[in-house]
Structures are given as structure tokens and as C-alpha cells.
Amino acid sequence: MAEVVLFVAFPYLALALAVFGGIYRYRHSRFTYSSLSSQLLENRRLFWGSVPWHYGIVIVLLAHLVAFLVPGVWARVIADPTALYTFEVIGFALALAALTGLCVLIWRRLTQPRIAAVSTVMDWALLLVLLVQVVLGFWVSLVYRWGADWYLHTAVPWLLSLVVLDPQTQYVSSLPWVVKLHMLNGFLVIALFPFSRLAHLVAFPFWYLWRPYQVVIRNRGN
Amino acid sequence: MKIQSQIAMVFHLDKCIGCHTCTVACKNIWTDRKGAEYMYWNNVETKPGTGYPTRWEDQDKYRGGWVLDKKTKKLRLRLQGKWGTLGNIFYNPYLPTLDDYFEPWTYDYQNLFDAPEGDDQPTARAVSMVTGKYMDTIEAGPNWDDDLSGSQVYANNDPNLDNASEEERRQMQEIDRVVFFYLPRICNHCLNPGCVAACPAGAIYKRGEDGIVLVNQDKCRAWRMCISGCPYKKTYFNWSTGKAEKCILCYPRLESGQPPACFHSCVGRIRYIGLLLCDADRIEQAAKAPDDALVQAQRDVIADPFDPKVIAAAKANGIPDQKIDAAQKSPVYKFVKQWKLALPLHPEFRTLPMLFYVPPMGPVLAKMDKGMYNMVDAGGEGLAPMLSALEKSRIPLRYMASLFSAGNEEIIREVYRKLVAVRIHMRAKRVKDVPAAEVERALAQAHTDAREVEAIFRLTSLPTYEERFVVPAMERETAVDSLFPALDPVSRNYPTRKGAVGFGYREEPHRGL
Ligand code: HEM
Ligand code: SF4
Ligand code: SF4
């Protein structure tokens with residue numbers, strides 16, 4: 001029963017919150033969609049925090065995503081032991097970068113009066129949840145090696161079963177509790193998406209690359 | 001030819017008395033909110049000086065504006081390319097921080113009332129408006145170097161003096177000849193704005209109807225690239241709401257035919273505002289002109305509003321008659337294009353600013369000599385030396401050229417010759433102590449005539465409100481507020497106190513989650 005709640009109901013709930021909450025916020029409170037940069041107030045520590053954090057987390061997240069979206073290709077790539085080994089090392093390095101960056105960000109928020117002045121409860125909640133997530137991920141990769149491989153036979157089929165609305169919890173039920181926590185906390189992060197500054201993620205301005213530099217807008221076609 | 005109407009401005013620097021009334025008017029209306037305390041959409045700098053934020057003209061530090069790529073012959077943002085923007089989005093390496101502006105503060109006045117009785121006078125200590133903590137030392141303010149205060153630190157670090165010779169530096173610092181002037185600055189509402197180009201979210205745009213540059217705060221995601229992209233540092237970041245903000249040229253006033261508050265309140269009456277008809281097809285070419293041709297290239301973008309071809313093109317592009325009429329009466333057209341007296345500030349930033357300055361003559365002539373106030377080389381020769389005295393001006397031409405003509409001293413000389421001609425001609429007319437031949441010489445040197453000179457005099461010294469501010473009210477259907485929900489007295493959906501709403505939404509602008 002607990003398994004169904006945690007690995008079926010909760011993920012669906014989190015996703016629904018993220019999607020519908022995100023849409024609701026976009027339509028009714030678009031003003032609040034912001035990365036809420038605090039660089040104006042403090043510059044140096046942000047560099048040592050934000051840069052490693054973002055490069056680390058974005059690439060690691062992308063790897064999770066790619067392996068989930070094209071498991072066949074992923075499996076073929078890591079079939080080569082050298083590739084698998086390289087992936088593990090790179091992943092480990094990136095996770096380390098993310099963790100260090102996140103710690104710097106937290107330390108900055110704790111010790112800089114100017115940053116404290118703009119910190120909300122949600123900022124702290126988010127940083128805490130992310131810290132837990134990254135530490136768990138780190139732990140998993142350290143203790144249960146070759147995640148790039150076993151992820152394909154555990155989490156991926158489970159996630160796919162959720163996508164096709166035919167939840168199969170047996171893929172994850174026997175995993176160690178650290179791994180389970182990592183998965184659950186991951187969905188907590190997703191659930192937080194519309195309630196925190198994480199909303200800045202979907203605002204990533206790709207289309208800047210195609211847009212002409214100048215923007216001119218008229219109120220009425222004129 | 002693609003004609004657009006563009007609102008443009010002239011500041012006549014000889015008339016600025018540095019009273020900061022403009023700044024106060026602006027501050028009280030727009031930027032006295034939380035997160036905006038440090039913003040000065042209008043500020044008045046003392047020149048020479050480092051300005052606000054400190055050394056904003058130093059683009060090695062701030063990377064604002066455009067550069068012309070020597071190889072590809074293309075314009076690129078000095079900040080970074082588009083890929084660079086996406087790569088640096090987590091941390092903008094060139095963003096000014098609050099310390100480049102100042103930490104806004106107020107005073108703990110309550111302590112004056114509440115302090116327990118004692119031997120000492122109670123004091124009102126400074127309190128930071130960001131952190132709410134006491135500030136023991138205040139090290140900088142928005143106008144720390146007003147009237148050359150602290151010149152050793154500020155005036156000497158003016159980026160425009162970087163190329164000055166020893167002689168020129170001395171010339172400006174000689175204590176009895178100490179010289180300065182004021183430079184009021186607002187957003188230039190550029191034709192080729194760096195802020196718009198730098199914003200990856202596309203939140204900043206130029207309004208098609210009149211070329212005002214605005215931030216759509218509903219689209220702004222705090223990627224804070226515009227602040228770097230603007231070489232004039234006239235986009236600001238609201239540290240509380242997490243949104244970019246900038247001068248909106250008081251568009252709610254403009255739309256109803258009133259000049260912006262800083263123009264309206266200007267004590268020296270130095271400010272002029274009017275429409276220009278610009279040829280959009282020439283903008284890119286103008287922005288790519290070589291440094292010493294930039295001023296002229298920018299003049300060439302401005303079309304002649306009396307030319308029937310231009311009028312036809314304007315109509316074809318949907319510009320209403322009322323605006324064409326206003327463009328013909330525009331004081332800005334006269335100063336910038338007809339008389340060639342007003343120049344863009346730092347044209348080498350290549351954003352084609354639409355705010356132009358008539359450079360100050362400063363006290364060209366007088367200096368202290370053995371404790372006497374003497375006219376330079378004047379004396380027996382009447383006023384003729386005024387013409388030659390240009391080179392001896394207290395403010396070196398090179399300094400002015402660094403500010404207003406991307407180093408082209410000839411342009412500055414031309415402007416000054418004309419300004420001198422105006423003075424000589426008018427003096428001959430009023431005081432009648434200048435020989436006719438001298439007046440002739442002055443006019444000839446400036447390539448001008450009595451009629452033009454008198455028109456310049458009139459618009460400089462005696463203009464009426466209607467002559468200084470030629471802003472046609474906007475056609476109702478294109479005014480921005482026509483897009484908003486109607487104000488309803490029954491449900492009282494209107495703001496009840498200042499700062500309760502922004503423009504474009506009826507929601508309180510507060511910090512996001
Ligand atoms: C590719 C997409 C992303 C972009 C463009 C982006 C951009 C930004 C920017 C501009 C800031 C503000 C930094 C500043 O203060 O100046 C920020 C902060 C932050 N981002 Fe991201 N981000 C992205 C992805 C992510 C992801 C995937 C996460 C976490 C899962 C994340 C978590 C955070 C957090 C927690 C902060 C706050 C840092 C702090 O000030 O304490 N971001 N991001
Ligand atoms: S001066 Fe104004 S329009 Fe020009 S780049 Fe700066 S903010 Fe943009
Ligand atoms: S109000 Fe006018 S005269 Fe006074 S500082 Fe501003 S621009 Fe200069």
C-alpha cells in the first residue's frame with residue numbers, strides 16, 4: 001500500500017502540481033516568473049556558487065533525461081566499458097561541482113546580510129530540498145556504482161510505466177532505501193516547481209539564438 | 001526609405017545649473033519604491049567626474065554597447081555573443097554591483113525622540129535600506145562628486161581623461177581655473193539599443209509608435225543582461241522584485257501630450273523634446289560608420305520632415321498627419337539636424353542615442369590673473385579673440401570630443417564657432433560694441449547667417465513651453481492604457497496608493513516565490 005502511495009500516487013500528484021500549477025502561475029501571475037537574481041547585491045560568492053552548481057546540475061539532469069528518453073541508445077553507448085567508466089567519472093565530477101556550488105550558495109545566503117534580506121522561506125525550502133537531493137544522488141553514485149547502467153533497468157522502466165499509465169512498482173520496490181529516497185525527493189523537487197523560483201528553468205531563453213537583436217512592438221497593427 | 005517616428009530630446013548644457021530638480025521630480029514619481037531606491041532614471045553628473053554608476057563610461061569594465069567587428073564588418077555586442085549570453089546566464093561576469101552604485105540608506109530618526117536622557121545629544125544613525133542594519137560609514141552616494149567634491153578621487157578618474165595629455169589635465173585642474181559642467185542623463189531611447197539586443201528573454205522592446213524603449217516586466221526573467229548591454233547604464237535591476245526597470249520617458253504623460261516630469265520641472269529650461277522622422281533603413285549603416293563619421297551618419301538617419309518624399313513615405317508607413325506636423329515643429333530637429341548644434345553622448349557606443357546635447361561653452365574666456373578676473377586675450381581687440389580663444393578654452397576640445405563626437409574635434413569646433421557667432425551677433429545687436437566686420441567674420445567662420453543665429457538665440461534663450469515641448473497627444477487607439485481593463489469606480493479596481501501597481505497589469509508587483 002505504502003508503495004502505491006509513494007511510487008504511484010505521489011509521482012502523479014507531483015507532476016500534476018508541476019504542470020497545472022505552472023500553467024496557472026504563468027497565466028495569473030506571470031510577473032513572478034523570475035530567476036530572482038541576487039547578483040546585484042553580491043557578486044563574488046555567487047560566481048563560486050552559481051556557476052559550478054548550474055553547470056553541474058543541468059548536465060547531470062540532462063543525462064538523467066536522455067537515458068530516460070532514449071534508453072536504447074544509452075544502453076548501446078555504455079555497453080563499452082571505457083565509455084561507462086568515462087561517464088561515471090564525468091558524472092561524479094559534475095555532481096561534485098554541483099554539491100560544492102550548492103554549499104557555497106547556502107553559505108552565501110547564510111552569511112551575507114544583503115542576501116539574507118531578500119531570502120524567503122521558499123528560497124530556504126528549495127535550497128534544503130536540493131541539498132538533500134544532491135547529497136543522496138552523490139551517495140548513490142558512490143555506494144552503488146555503475147548507476148548509468150542499472151538506472152536503465154530500474155528507474156527507467158518504472159518511469160515509463162508511469163508515463164503509459166500502467167504503474168509497475170516492482171522495478172523499484174527492492175532498491176536500497178537511499179535510492180528510493182533520491183527518487184521520491186526528486187518528485188518533491190518537481191512538485192516544488194510552480195511554488196518556487198525553480199519556475200525559471202522552463203523560461204530558459206533558447207529562442208534568443210534565432211531572434212533578431214532588436215525588438216519593435218506596436219500596440220495595434222498600424 | 002522606411003520612415004518611423006521617434007521621440008527625441010535635446011539638453012542644452014550651457015543652461016544647466018545643476019540643481020537636480022529633474023532628479024527629484026523623477027525620483028518622487030517613479031523610483032521611491034523598495035528595490036528601486038538606488039535607481040536614478042534621471043541623474044545629473046558633474047563633469048569631469050566618474051558619474052553614476054562609478055566610471056560607467058569605462059566599457060572595459062562594463063562591456064556596454066556595440067563594437068564593429070573589424071573582420072566581419074558586423075556589429076556585435078561588446079558584452080558577448082548570443083551563445084555567450086546563454087553560457088554566462090548563471091552569472092553575468094560584467095554586471096555592476098550595488099557597490100558600483102551605492103547602498104541606499106535612511107536615518108534612524110526615531111532615536112531622536114526615543115533616546116534615553118543623557119549627557120550627549122542623540123543621533124540619527126544611518127540605516128541601510130537593503131539590510132535594515134546600521135551603517136557605520138557611508139562611503140558613497142548617488143552624487144558623491146557633485147560640484148567636483150573629492151576631485152582627486154573622482155574628477156581625476158574620469159574615463160574621458162584617459163587619453164588627455166599632461167597639459168590638458170593640468171589645464172582642467174589648475175585651481176584658479178577649475179572648471180566643470182553638469183551632464184544630466186536619462187535613458188537615450190536609442191535607435192539601436194544595446195539593452196534590447198542583450199535581453200535573451202526579449203522582454204525589452206522599442207515601442208513602434210514613438211520609439212520609447214520599455215521593459216515588459218511580465219516577460220523579464222531576471223537574466224540581468226540588459227544592465228550590461230546598455231553602455232549608459234540606464235537599465236537598472238530592482239533587487240526586490242527581481243525585474244529590470246528603466247526610464248519610461250513618463251509615457252503616460254507623453255500620451256496625453258505632456259512632457260516628461262524631468263522636462264517639465266527643469267529649472268534651467270535646458271530640455272527640449274520633439275519628434276524626429278527617422279529612416280529605419282539607414283540605422284544599421286549609421287551604427288557601423290567609422291568613429292569620426294558617427295555623428296554625421298547619425299544626422300543622416302534623421303529625415304527632412306518638409307521633404308515631400310519623406311512625408312509620402314511617412315504616410316505610407318502609417319504615421320498620422322498630426323505627427324508629421326509635430327515633426328516639422330520639432331525643436332530637436334532644429335538643434336540636431338538644421339543647426340547641427342546638438343550632439344549625441346558617446347556616439348562610439350553605437351546605440352544611436354536619441355538624446356542630444358548642446359556642448360557647454362563654459363566660461364571660455366575668463367580666468368584669474370594676478371587675482372583679477374580677466375578675459376583671455378581680450379582687451380583692446382574687441383571680442384575677436386573669442387574666436388581664437390576656443391583652443392584655449394578651459395575645457396579642452398579633446399575632452400568634449402571624447403564625450404560628444406567619438407574623438408572628432410572638428411565637429412566640436414564647428415559647434416563652438418556657431419555658438420560664438422550667436423553671442424557675437426547678439427552682442428553687436430544689443431550692446432552695440434562689436435564692429436560689423438567682426439560680426440561678419442564670426443558668422444562666416446561658423447558658416448551661418450544672421451537669420452539662423454537669431455533663430456538659435458530665440459530657441460535657446462526665450463522659448464515658450466510650447467516651443468520647447470512639442471509632443472502630440474497619442475491617438476487613442478494606440479495609447480497603451482487602451483489595452484488595460486477599464487477602471488471601474490464600483491469595484492474600485494484602481495490603485496489606491498502609489499507603487500501599488502505597475503503598468504500593464506493590475507497586480508501588485510511583488511517579489512516572486
Ligand atoms: C538551464 C536552465 C537554468 C538557467 C538558465 C538558470 C538560471 C539561473 C539564474 C540566472 C539564477 C540567478 C542567479 C543570480 O542570483 O544571479 C539561478 C538561480 C538558481 N537556480 Fe537556476 N538555472 C537553470 C537551471 C536550474 C536547475 C536545473 C536548478 C535546480 C534543479 C536550478 C536551481 C537554482 C537555484 C536553487 C537558484 C538560487 C541560487 C541562490 O541564489 O541561492 N537552476 N538560476
Ligand atoms: S540608453 Fe536607454 S535605450 Fe539606450 S541602451 Fe541604454 S537603456 Fe537602452
Ligand atoms: S532641472 Fe534642469 S537645470 Fe536643474 S539639474 Fe536638471 S537639467 Fe539641470
Side-chain angles (χ1 to χ4, degrees), chain A residues 25 28-44 46-55 58 101 112-118 120-123 126 192 194-200 203-222, chain B residues 4 75 77 82-83 85-86 89-93 95-99 103 128 130-133 192-193 196-202 204-209 211 216-224 227 237 239-243 318 477-480 482-483 502 505 507 509-513:
Chain A
R25 179 167 165 194
H28 293 276
S29 188
R30 197 167 301 176
F31 184 84
T32 62
Y33 262 76
S34 167
S35 73
L36 294 175
S37 165
S38 54
Q39 196 184 342
L40 181 86
L41 299 174
E42 200 283 333
N43 201 18
R44 284 196 61 79
L46 183 76
F47 172 77
W48 295 107
S50 186
V51 174
W53 160 247
H54 277 102
Y55 274 105
V58 169
Q112 291 285 307
R114 284 184 189 171
I115 305 302
V118 291
T120 58
V121 177
M122 190 43 91
D123 284 335
L126 180 66
L192 276 181
F195 305 106
S196 69
R197 78 160 84 204
L198 268 193
H200 74 275
F204 188 74
F206 278 117
W207 54 279
Y208 180 53
L209 295 173
W210 292 277
R211 188 196 96 195
Y213 270 128
Q214 298 302 350
V215 182
V216 178
I217 294 180
R218 283 171 186 262
N219 288 334
R220 292 283 145 87
N222 182 334
Chain B
Q4 283 176 350
L75 280 180
L77 285 175
K82 286 182 174 175
W83 283 101
T85 294
L86 297 191
I89 201 162
F90 312 120
Y91 171 87
N92 173 357
L95 190 79
T97 64
L98 202 59
D99 301 312
E103 183 159 343
S128 163
V130 180
T131 61
K133 293 191 167 32
N192 184 33
V196 176
C199 171
I204 313 190
Y205 63 99
K206 227 174 144 55
R207 190 158 91 157
E209 288 79 15
N216 179 347
Q217 294 206 330
D218 271 355
K219 267 183 141 184
C220 170
R221 304 278 172 260
W223 305 130
R224 29 107 178 89
I227 294 127
F237 187 78
W239 55 262
S240 175
T241 61
K243 299 278 162 169
E477 65 277 16
T478 59
V480 164
S482 68
L483 303 179
Y505 42 85
E507 188 195 351
H510 60 87
R511 186 174 178 80
L513 296 164

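First the proteins, then the strands, lettered A, B, ... as listed; each starts at 1. Here the structure is a predicted model, which is why all the values come from computation and not from measurement. Keep in mind that the numbers below use all heavy atoms, side chains included, and drop hydrogens, waters and symmetry copies.
Note: Y208(A) leads F206(A), Y213(A), Y208(A) in heavy-atom pairs under 4.5 Å with chain B. Between chain A and the residues I89(B), I204(B), L75(B), N192(B), the most heavy-atom pairs under 4.5 angstrom are made by N192(B). Counting heavy-atom pairs closer than 4.5 Å to chain A, the top-ranked of the candidates K133(B), K219(B), E103(B), K243(B) is K243(B). For the set R211(A), M122(A), R25(A), Q39(A), the entry with the most heavy-atom pairs within less than 4.5 Å of chain B is Q39(A). Among the candidates T120(A), V216(A), I217(A), L198(A), the residue making the largest number of heavy-atom pairs closer than 4.5 Å to chain B is I217(A). By number of non-hydrogen pairs under 4.5 angstrom with chain A, the leading residue of A197(B), G242(B), P193(B) is A197(B).
With a threshold of 4.5 angstrom between heavy atoms, I227(B) does not approach chain A through any atom at all. W53(A) does not touch chain B: none of its heavy atoms, backbone or side chain, sits under 4.5 Å away. Neither the backbone nor the side chain of S128(B) comes within less than 4.5 Å of any heavy atom in chain A.
Residues forming a side chain to side chain donor-acceptor pair (under 3.5 Å) with S35(A) (at least two apart in sequence, or on another chain): none. With sequence neighbours excluded, the residues satisfying side chain to side chain donor-acceptor pair (under 3.5 Å) with S50(A) are H54(A).
Judged by distance alone, with hydrogens and angles left aside, the side-chain atoms of R221(B) form a donor-acceptor pair with the main-chain N or O of D218(B) at under 3.5 Å. In this structure, the side chain of R511(B) engages the main chain of W239(B) through a donor-acceptor pair within 3.5 Å.
Using a 4.5 Å cut-off on side-chain heavy atoms (C-beta onward), L77(B) and K82(B) make no contact.
Remark: L95(B) CG to S37(A) OG distance equals 6.5 Å, nearest 0.5 Å.
Around the CH2 atom of W83(B), the shell of radius 6.0 Å holds no more than 12 heavy atoms that belong to other residues, nucleotides or ligands.
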